[in-house]
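So that the names make sense, note that chain A is the first sequence line, chain B the second, and so on, each numbered from 1.
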Amino acid sequence: MLHKIQEGSVYKLIKIEESLILCQIGFTHHVIRVEFPVGKPSIYFRQKAVEYIWEWFDLDQDLEAFYEVANQDQVLKNLAHKYYGLRIMCIPDLFEALVWAIMGQQINLTFAYTLKKRFVEQFGESLTFEGETFWLFPSYEKIASLSVDDLRNLQFTSRKAEYIIGIAKAMAKGELSKEILLQNKDFIKIHQSLLMMRGIGPWTADYVMMKCLHIPSAFPVSDVGLHNALKNFIGLERKPTIEEVKEYAVNWEGWQAYATFYLWRSLYDKNT
DNA sequence: TACCAGGACCTCG
DNA sequence: CGAGGTCATGGT
């Protein structure tokens, strides 16, 4: 798939100016170490790779600031302690973040992963190393040239196919990019710009701001996973309403994205 | 077998 | 505007 974890390392294929570069990322003695199993990339490419990984792990965020906020909140206090050090796993590529969000709209995650796998293996580039194939997420240039039926064949709905191709075309024309979005003065304007695109609603806009644009106050309040996590973690009889979620979140100001991410994380070990 | 899924769009009143 | 219908298929 898009990355592989093996023997304490994570392998990730990235593309820098037409070059495919396989990164092997390890973590020992509080140091993140990046190695390149294929070829010998120049210092320029190694720096670009580090920039990508820096964004991927959201390393610019000041986690201690989050923990100060979390300590003032009954829900977050426990989660911050339990998952101390956890950072949002980001999706640095805007097209990838948007498409993945659209794939996940109103379908179960298992099927969303199936769709993503088909999408990536049909339209993405790859590199094979020691018998393992590593994939790049497809480029918007490639997807912009597709027809709705090309995606319908992979069991995308017509609506989702239209959204994805529309966004790819907007990006290919230079109308939509990470840089353009980040030129906005504040995150409300970024949110509004995203909502202008067909297929991007409030949830997708917040999701992308959280996972791609590194905005820690982005908050997908309507997210079903968030609702389930709150229900489980607090021990509610039913899922909270939007208004109830907002009540729980009054103390999360500035760190709603991290609160959400830690709550999502708690869904993985609700049975343990 | 129902019901729901990490929503968004469209139509109507 | 706000509510209700539609998309469409896989999981549980």
Most 5' of Phe156(A) and Thr114(A) on DNA chain C, judged by nearest nucleotide
Phe156(A)

Taking any heavy-atom pair under 4.0 Å as a contact, classify Tyr207(A): base, sugar-phosphate, or nothing.
base

For the P atoms, the ones on dG5(C) and on dC3(B), what distance do you get once it is rounded to whole angstrom?
15 Å

Quick one: is Arg159(A) getting a side-chain N or O under 4.0 Å of the dC10(B) phosphate, OP1 or OP2?
no

Using a heavy-atom cut-off of 4.0 Å across all strands, would you classify Met103(A) as base, sugar-phosphate, or nothing?
nothing

Taking the P atom in each of dT6(C) and dG6(B), what is the distance between them to the nearest angstrom?
23 Å

Below 4.0 angstrom from OP1 or OP2 of dA8(B), is there any side-chain N or O of Thr204(A)?
yes

Check if the side chain of Gln106(A) and the base of dA5(B) share a donor-acceptor pair of N or O atoms closer than 3.5 Å.
yes

Under 4.0 Å, heavy atoms only, any strand: does Pro220(A) hit a base, just the sugar-phosphate, or nothing?
nothing

Are side-chain N/O atoms of Gln105(A) and Thr204(A) paired as donor and acceptor at under 3.5 Å?
yes

Which comes earlier along DNA chain C counting from the 5' end, the contact point of Ser158(A) or that of Thr110(A), where each point is its nearest nucleotide?
Ser158(A)

Say we look at dG10(C) and dA8(B): how far apart would their P atoms be, to the nearest angstrom?
22 Å

N/O (side chain, Gln155(A)) to phosphate O (OP1/OP2, dG10(C)) under 4.0 Å
yes

Return whichever of Ile200(A) or Asn108(A) has its heavy-atom-nearest nucleotide of DNA chain B closer to the 5' end.
Asn108(A)

Would you kindly give the CG-to-C1' distance between Leu115(A) and dG10(C), to the nearest whole Å?
10 Å

Report the relative orientation of the aromatic rings in His30(A) and Phe27(A); use parallel for angles under 30°, tilted for 30 to 60°, perpendicular for over 60°.
perpendicular

What's the NZ-P distance between Lys160(A) and dT6(C), to the nearest Å?
17 Å

Is the ring pair Tyr262(A)/Phe66(A) parallel, tilted or perpendicular, if the boundaries are 30 and 60 degrees?
perpendicular

When you check the gap from the basic side-chain N to the acidic O, do Glu121(A) and Arg118(A) get nearer than 4.0 Å?
no

Does dA5(B) have OP1 or OP2 sitting under 4.0 Å from an N or O in the side chain of Lys239(A)?
yes

Looking at every strand, decide which applies to Ile102(A) at a 4.0 Å heavy-atom threshold: base, sugar-phosphate, or nothing.
nothing

Trp56(A) and His3(A) aromatic ring geometry - parallel, tilted or perpendicular at 30°/60° bounds
perpendicular

